[in-house]
Number of protein chains: 2
Amino acid sequence: MMRTRTMSGGGAGRESGSTAGLALSRSRQDYLKALLQLADRSPAPVTALARHLGVSAPSVTHMLARLADERLVSLHHRGAARLTPEGSRQALRIVRRHRILETFLVRALGLDWSDVHEDAEVLEHHVSERVLDALDRFMKHPTEDPHGHPIPDARGRVARRALAPIGELPAGARAVVREIRDRDRARMTRWKQAGLVPGAQLVIRAANRDDDVYEIEVAGRRLVTGSEGLDGVLVQRVGRRAT
Amino acid sequence: MMRTRTMSGGGAGRESGSTAGLALSRSRQDYLKALLQLADRSPAPVTALARHLGVSAPSVTHMLARLADERLVSLHHRGAARLTPEGSRQALRIVRRHRILETFLVRALGLDWSDVHEDAEVLEHHVSERVLDALDRFMKHPTEDPHGHPIPDARGRVARRALAPIGELPAGARAVVREIRDRDRARMTRWKQAGLVPGAQLVIRAANRDDDVYEIEVAGRRLVTGSEGLDGVLVQRVGRRAT
DNA sequence: CCCCGATATTAGCCTTGACTAATCCTCAAG
DNA sequence: CTTGAGGATTAGTCAAGGCTAATATCGGGG
Ligand SMILES: [Mn+2]
Ligand SMILES: [Mn+2]
Ligand SMILES: [Mn+2]
Ligand SMILES: [Mn+2]
């Protein structure tokens with residue numbers, strides 16, 4: 001026996017090139033997805049990955065070594081990692097699944113959008129291609145998930161949009177909420193109650209960066225909040241005139 | 001800090017009670033389901049389980065020991081096993097999930113009923129209670145899956161029906177197909193093409209048990225077949241008069 | 001009553017993916 | 001330069017679930 005890659009167990013590991021269906025483990029899929037988010041501009045440090053994935057740093061070092069072996073990530077200074085083109089393709093595939101599933105859970109099954117993330121986090125790894133396609137068809141090929149995130153198309157392309165975190169807006173700015181980060185359920189629920197949902201219009205009434213206090217008017221109501229996590233709300237500016 | 005992953009191992013079995021949410025592994029769930037089928041009348045032998053599950057006999061012995069430890073199965077003569085009441089409850093819970101999922105895949109997503117078994121086999125372990133309930137609601141609480149199998153209710157009760165395998169019918173008998181065993185895709189596909197689907201009416205034209213040849217009239221067509229696997233078709237006799 | 005063949009079990013390994021403890025780097029501040 | 005505090009990595013374990021090879025056991029035929 002030589003390398004032992006892939007085909008352990010009683011499988012048929014006949015892949016070869018780079019395109020074939022290699023069936024990544026759940027864990028690997030989650031690492032790749034994390035890298036897609038964290039290594040957007042510069043390579044993601046081990047610690048950031050560990051925090052994001054809820055595992056220890058040694059676990060990350062170890063897994064990154066294996067992923068690098070498999071040409072899914074490249075390693076950089078001080079162990080930081082980024083996706084290779086193939087890794088990126090795989091990651092986008094999972095993101096697509098995740099978002100299609102979330103959309104299905106909300107639109108078809110009527111679950112609450114602040115609730116569906118963890119279900120999708122599991123199912124994204126277990127739904128077959130056939131079922132995924134059927135879900136996509138069932139919903140007429142949606143392009144955005146319930147949190148406003150764009151759904152990559154079947155070839156992994158995402159519409160890149162120019163959005164800003166809410167905290168970066170100057171006082172007086174008008175904007176429309178486009179995306180709500182979906183990993184913090186408690187915060188999502190609070191935001192939803194405050195009217196901070198995809199599509200909502202808002203005006204920044206005051207932005208005191210020194211004291212970290214923001215005053216936002218959303219849907220008629222006034223919301224005063226610290227910036228903590230406020231970068232999870234991405235908005236698009238509108239009405240460019242100054243106040 | 002509590003990790004969400006892993007946590008299973010560690011120490012003494014801290015379950016004690018019987019009703020708590022113990023979160024059985026996928027493997028355990030499949031063993032229990034297999035026992036529900038195989039140990040219907042008498043305890044299931046190790047070998048039968050191994051064959052059914054596609055694992056080696058030592059793996060079965062080992063897992064049965066653990067399940068017995070956890071009071072989910074009881075061990076009998078020569079290692080044969082059967083479900084305890086708690087094991088039975090768990091098994092029925094998985095069967096319910098399996099069948100609700102199959103029904104959803106066929107009725108809502110339009111997948112073919114000869115195709116959905118393997119998808120359900122995976123998803124049954126990963127769909128949350130919340131999603132399962134939503135699916136059940138979405139389909140208005142179905143009572144039969146696409147193969148005609150009864151769906152256990154939320155408390156695990158199944159409508160027991162008095163059905164006979166097709167091979168047991170005498171020549172001349174009339175019957176309606178009620179259930180098609182769903183684990184053999186190839187056979188299922190053939191049967192479907194022959195019109196042998198849930199609800200179909202049939203007449204046994206000839207049953208030659210010695211030569212193992214059966215001649216069946218289904219939906220106007222004539223089907224000649226060996227008994228091989230024919231016990232996977234369960235029927236209900238109708239029209240009791242002799243020919 | 002003994003022996004053989006089918007069944008089951010034991011022993012020993014393997015892989016995956018985590019963890020902790022101990023150690024090793026790096027780099028920026030003094 | 002030197003040094004120390006954060007990273008990152010190495011070393012050693014663990015649990016789950018598999019597997020194969022070797023061994024034990026049961027039960028029926030001669
Ligand atoms: Mn996930
Ligand atoms: Mn989302
Ligand atoms: Mn299963
Ligand atoms: Mn079925």
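What you see below is based on every heavy atom in this structure, not just the backbone, and it leaves out hydrogens, waters and symmetry mates. The sequence lines fix the lettering, A, B, ..., with proteins before strands; numbering per chain opens at 1.
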Nearest to the side chain of [X], which nucleotide is it out of [options]?
| X | options | result |
| --- | --- | --- |
| A/M63 | D/dG18, C/dA18, C/dA8 | C/dA18 |
| B/Y31 | C/dA18, D/dG18, D/dA8 | D/dG18 |
| A/P45 | C/dC19, C/dT9, D/dA8 | D/dA8 |
| A/R66 | C/dA8, C/dG17, D/dG17 | C/dG17 |

Whole angstrom is fine here: how far is it from [atom1] in [X] over to [atom2] in [N]?
| X | N | atom1 | atom2 | result |
| --- | --- | --- | --- | --- |
| B/L64 | C/dT9 | CG | C1' | 12 Å |
| A/L24 | C/dG17 | CG | C1' | 15 Å |
| A/H125 | C/dG17 | NE2 | C1' | 14 Å |
| A/L67 | C/dT16 | CG | P | 12 Å |
| B/Q29 | D/dG17 | CD | P | 10 Å |
| B/L53 | D/dG18 | CG | P | 8 Å |
| A/H62 | D/dA11 | NE2 | C1' | 12 Å |
| B/H77 | C/dT9 | NE2 | C1' | 15 Å |

Assign [X] to base, sugar-phosphate, or nothing according to its heavy-atom contacts below 4.0 angstrom with the strands shown.
| X | result |
| --- | --- |
| A/T47 | sugar-phosphate |
| B/S27 | sugar-phosphate |
| B/R26 | nothing |

(message) If you count every heavy atom of other residues, nucleotides or ligands that lies below 6.0 Å from B/R209 atom CZ, does the total exceed 12?
(response)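 Correct, the count exceeds 12.
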
(message) Is it the case that the ring center of A/F138 lies less than 6.0 angstrom away from the ring center of B/F104?
(response)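 No, they do not, as the ring centres are separated by 6.0 Å or more.
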
(request) Return the 5'-most residue of the pair A/R28, A/R78 with respect to DNA chain C, ranking by each residue's nearest nucleotide. (result) A/R28

